[in-house]
Amino acid sequence: MKTFYFNIQSKGGAGKSMLTYLQALKYEKNEKVAFVDLDSSTQTSTRQLNFLAQQEANRLFSVDIFDHLKKIEREKLYDILQAFNSQPFDEIFYDFGAPESEQLPSLFSLDFTIEEFKEFEKELKAKFVFNVIMSGGTSYASTFNYLKNLVSIVKGKFEIVMYLNELTFWNYQLLIDELEEFSRKAKIKMARFGDIHVDRNSGQIITENIRNGMGFSSYKSFAAKTIIKREIAKV
Amino acid sequence: MKLKSSEQKVRDRILSDGYGKFDLVEDILTKEEILNLKPRIVLKNITERLSIPEDKINRKTFWSWLSRYKDSNKPSFHHIIKETTVNSLSEKANQEWIKNFKPSIPKVVEREPVVIKVIRSDANSQNQ
């Protein structure tokens, strides 16, 4: 059974592409795993996952799922998932951009029903997982509202994993406690990523490597390599 | 399952014998959900969220309420007509503009193909 992971959050800058980068690094050598950049506005993953584009096998793809009115065209999403379902990958990660993520809940609640999307999952004999990226500080309220809305629409029919971008939760322990409580009550999983101190030398190396789309072999500094290994183990 | 006090209030009202059993449903479901989801899904959401056994809700009462709710939340057509009339009478310039306004011919909607691009760094992107 194939697993499709949707990395989503309507708030820009929450860390979607960073999470996708860490996931890609984790599966750098695994040709059964593919990555799809659905973020038509920034195409960050297309740049940051350049190390996959250098491989012999085709593992990095980009698709624009907006129609001419700049709305997600539901049939396109179906077509894309169907197209990848016939490809020889076991796991496929989709990096949604902020605008694409914003439209996704409406797709299940207005345009379609979540029950119909579940039927589609069954037809593909696949498993869909929603990875919702959570950001702290001033972005907390909007990222939380997005998660809450998604949870109420999904109604337990799909697995949701809440990914806390730790970098943005420093000094906000109360918010982490609140999210832990929410994850227990809503019965969704919670994971963390992004504990990278950007003010340190290791953090700067990692940031630079992410920006330039470098793979694991580019991490020469012991500290940076150790931290990135730790991060990979979390996702 | 322990309910919040606001949810408990809604639950008590639904299970009460009085009128307006569903008046507080908006406290747990959004207007958008009530108006757009299928009636049985709305009912399921209410019963699940408030831990009410489905047989405790009289379906006839629920359907009547939902139908009234949808009626009362429809956009008021008469009101729109009235507003348009007032505006067009008071603004002669608008009349002129409306007279000269030519609608564009809608383009035939063509199905846009899904293009999946393979990203490669050693060559130009190729379409699949």
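By convention in this document, chain letters (A, B, ...) are assigned in the order of the sequence lines, proteins followed by strands, and residues within each chain are numbered from 1.
Note on ring orientation: taking the six-membered ring where Trp is involved, the planes of Phe6(A) and Phe130(A) are tilted (angle from 30° to 60°).
Ring to ring, Phe117(A) and Phe158(A) are close: their centroids are under 6.0 angstrom apart. Aromatic rings of Phe120(A) and Tyr78(A) (six-membered ring for Trp) have centroids within the 6.0 Å cut-off, being under it.
Interface remark: Glu56(A) contributes backbone atoms only to the contact with chain B (heavy atom separation under 4.5 Å). If you measure heavy-atom distances from Leu29(B) to chain A, you find no contacts under 4.5 Å at all. Both the backbone and the side chain of Ser62(A) come within less than 4.5 Å of a heavy atom of chain B. Contact annotation for Lys185(A): neither backbone nor side-chain heavy atoms come within less than 4.5 Å of a heavy atom of chain B. Contact of Ala57(A) with chain B is made through the backbone alone, with heavy-atom distances under 4.5 Å.
With respect to Phe84(A), the ring pair (Phe, Tyr, Trp, His ring centres under 6.0 Å) criterion is satisfied by exactly one of Tyr5(A), Phe61(A), Phe4(A): Phe61(A).
Top candidate by heavy-atom pairs under 4.5 Å with chain B, chosen from Leu110(A), Ile153(A), Asp37(A), is Leu110(A).
In this structure a side-chain-to-backbone donor-acceptor pair under 3.5 Å is missing from Arg13(B) to Leu24(B).
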